[in-house]
Amino acid sequence: MDGLPAPRTRDIPVPGRWWGLPVVIARLRALRTAVPGPGWMLLALVFGFAAGTLIGTGRAGVIDTMRLIGGLWLDSLRMTIVPLVFALVVTGVADLATADDGPARRIGARLPFVLVGFLLLAAVVAALIVPPLLALFPLPAETVAGLRANFPASAPPAIPSTVEAIRAMVPVNVIASGAEGAIVPLVVFAVVLGLALSRIGRSRAAATLEPFRGLADAMIVLVGWVLRVAPVGIFALALVIGATAGIGAALALGHYILIQIVLALVLTMICYGLARWPGGIPLWRFARALAPAQAVAAGTQSSIATLPAMLASAERVGISDRDAAVILPLAVAVFKVTAPSGSLLFGLAMAWMAGIEISLAQILIAIPLAVLSTLVVIGMPGAVSFFAAATPTAIALGAPLELLPILLAVDTIPDMFRTVANVTADVAVAAIVAPPAAEERAG
């Protein structure tokens, strides 16, 4: 892998043979350090699908064993959803509402609104273009049946009216909502509780929030433990899906990856337009100045690693060094324009693979939820943030979470395009919040 040195012979105690348990363990450890976590998950997905497709449905004992292993791993992940999301929302809202001297105040009141506006726009774009793109590739009935065989059997829920859907957003019994996995009313209560805590005395609010912070930290550690064995769980789940759904499941994943790339490209083009208006930067100049940073983003797949190149791009379009030095690091830390659109895409794609119809009311509820879940997972590790941000939106859409690990495994493939979109959005935000002077724009 680029950037990682190959293990040297003297680093591995080889006693002149290639066999023997100590030698095997040593070589596996060396390989483990050379392949990152996402690489292992992708390998597990590929080998699991291949193994499942080869054995088919004739080996019932193997399939049942893999279903048990994958189910236990997935249930271990799902048990953290309610406490993790609730604690993150309560503490995040309270912290935002009580901030006295945050970076947002120092650079003016525009930045928070621009950032949230970008996130909301990205979610709306996903809601508009993802369903038609999914409809272009209807899954065969046998593929849907094979995928649905991996989900718990349940009667289709009754579709509520608009009035019932709105009333259901207010939890009559918060404990019951948590037990039923009703994520929307739980998040609504968490937001209101966070706002209420910001209106009481600081000492009492801090004492109340501290247990929630501890709960959130503990859940993040627990999710990390579960994700350490993600390749095992993903292999088991992929084998079961490959055996029951066959090659059709792989084709569905290919279509999902293509939609990820298309969505990232659309968001990138929208950011170009926003840099032109209201940013006021000529389109050709913005594109030419940003090209080096986009190249770095595509190569590193990391917004943080691209920050120096972004600062240089901001200078080339006329943004002052002082403004760029404040806005861009903050945007890199707390803002990813592809996050809410990705959360919506995950939920809609899982529902599509399971043959579940999504109503317009569900999508309208999921849009702000995707934005909020994106904001409350700031600073989490990649795989943990993926899980914490994607699950509330998927639950609101009624999508089965059993496919989430499979989508997580292939998420590394379109990451290059998403990173380019995120970097483009960061510089566009800087151009809108701190637009260059007229002579700088023309130059």
Side-chain angles (χ1 to χ4, degrees), residues 92 96 104 107-134 187 191 259-281 283 286-287 290 293-294 297 303 310 314 317 319 327-328 330-349 358 360-378 385-386 389-390 392-394 396-397 414-415 417-435:
L96 288 174
I107 63 175
R110 285 183 79 184
L111 181 59
F113 292 101
V114 173
L115 294 179
V116 173
F118 265 71
L119 295 174
L120 187 59
L121 176 62
V124 171
V125 168
L128 290 175
I129 71 173
V130 169
L133 290 175
L134 290 173
V187 169
V191 170
I259 294 177
Q260 278 265 40
I261 294 172
V262 170
L263 184 57
L265 292 175
V266 169
L267 292 176
T268 302
M269 293 299 104
I270 290 175
C271 292
Y272 276 101
L274 292 173
R276 179 66 185 93
W277 187 91
I281 301 174
L283 189 60
F286 183 78
L290 198 59
Q294 290 174 329
S303 298
M310 280 193 281
V317 298
I319 301 172
I327 296 171
L328 288 177
L330 180 63
V332 168
V334 305
F335 170 68
K336 283 182 172 53
V337 74
T338 60
S341 58
S343 295
L344 271 172
L345 174 56
F346 299 143
L348 291 170
I358 302 297
L360 178 61
Q362 287 176 299
I363 294 177
L364 292 177
I365 292 173
I367 288 175
L369 190 60
V371 174
L372 180 61
S373 61
T374 297
L375 294 173
V376 300
V377 299
I378 292 168
S385 64
F386 176 99
T393 309
L397 291 170
D415 194 43
F417 298 89
R418 288 202 307 270
T419 307
V420 170
N422 290 330
V423 165
T424 306
D426 289 342
V427 180
V429 164
I432 294 172
V433 175

Using the side-chain contact (heavy atoms from CB on, under 4.5 Å) criterion, which residues pair with [X]? Sequence neighbours excluded.
X      : answer
Leu120 : Ile367, Val371
Ala275 : Phe286, Ala428
Ala430 : Ile319, Ile327, Leu328

To the nearest 0.5 Å, how far apart are [atom1] in [X] and [atom2] in [Y]?
X      : Y      : atom1 : atom2 : answer
Leu364 : Leu369 : CG    : CG    : 12.5 Å
Thr393 : Ile363 : OG1   : CD1   : 12.0 Å
Leu290 : Thr424 : CG    : OG1   : 4.5 Å
Leu128 : Leu133 : CG    : CG    : 11.0 Å

### Query
What residue pairs, at least two apart or across chains, pass side chain to side chain donor-acceptor pair (under 3.5 Å) with a residue in residues 115-130?
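Output for this query is empty, none listed.
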
### Query
Thr338: what forms a side chain to side chain donor-acceptor pair (under 3.5 Å) with it, not counting sequence neighbours?
Asn422

### Query
With sequence neighbours left out, what residues match Ser303 under side chain to side chain donor-acceptor pair (under 3.5 Å)?
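Checked Ser303 against side chain to side chain donor-acceptor pair (under 3.5 Å); zero matches.
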
### Message
In the structure I gave you, are the side-chain heavy atoms of Met310 and Val423 within less than 4.5 Å of one another anywhere?
### Response
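A side-chain contact under 4.5 Å exists here.
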
Pair up each side-chain donor or acceptor in residues 259-274 with any protein partner under 3.5 Å, not counting sequence neighbours, and list the distances.
residue : atom : partner : partner atom : Å
Gln260  : NE2  : Tyr256  : OH           : 3.1
Gln260  : NE2  : Asp411  : OD1          : 3.4
Thr268  : OG1  : Ala264  : O            : 2.8
Tyr272  : OH   : Gln294  : OE1          : 3.3
Tyr272  : OH   : Gln294  : NE2          : 3.0

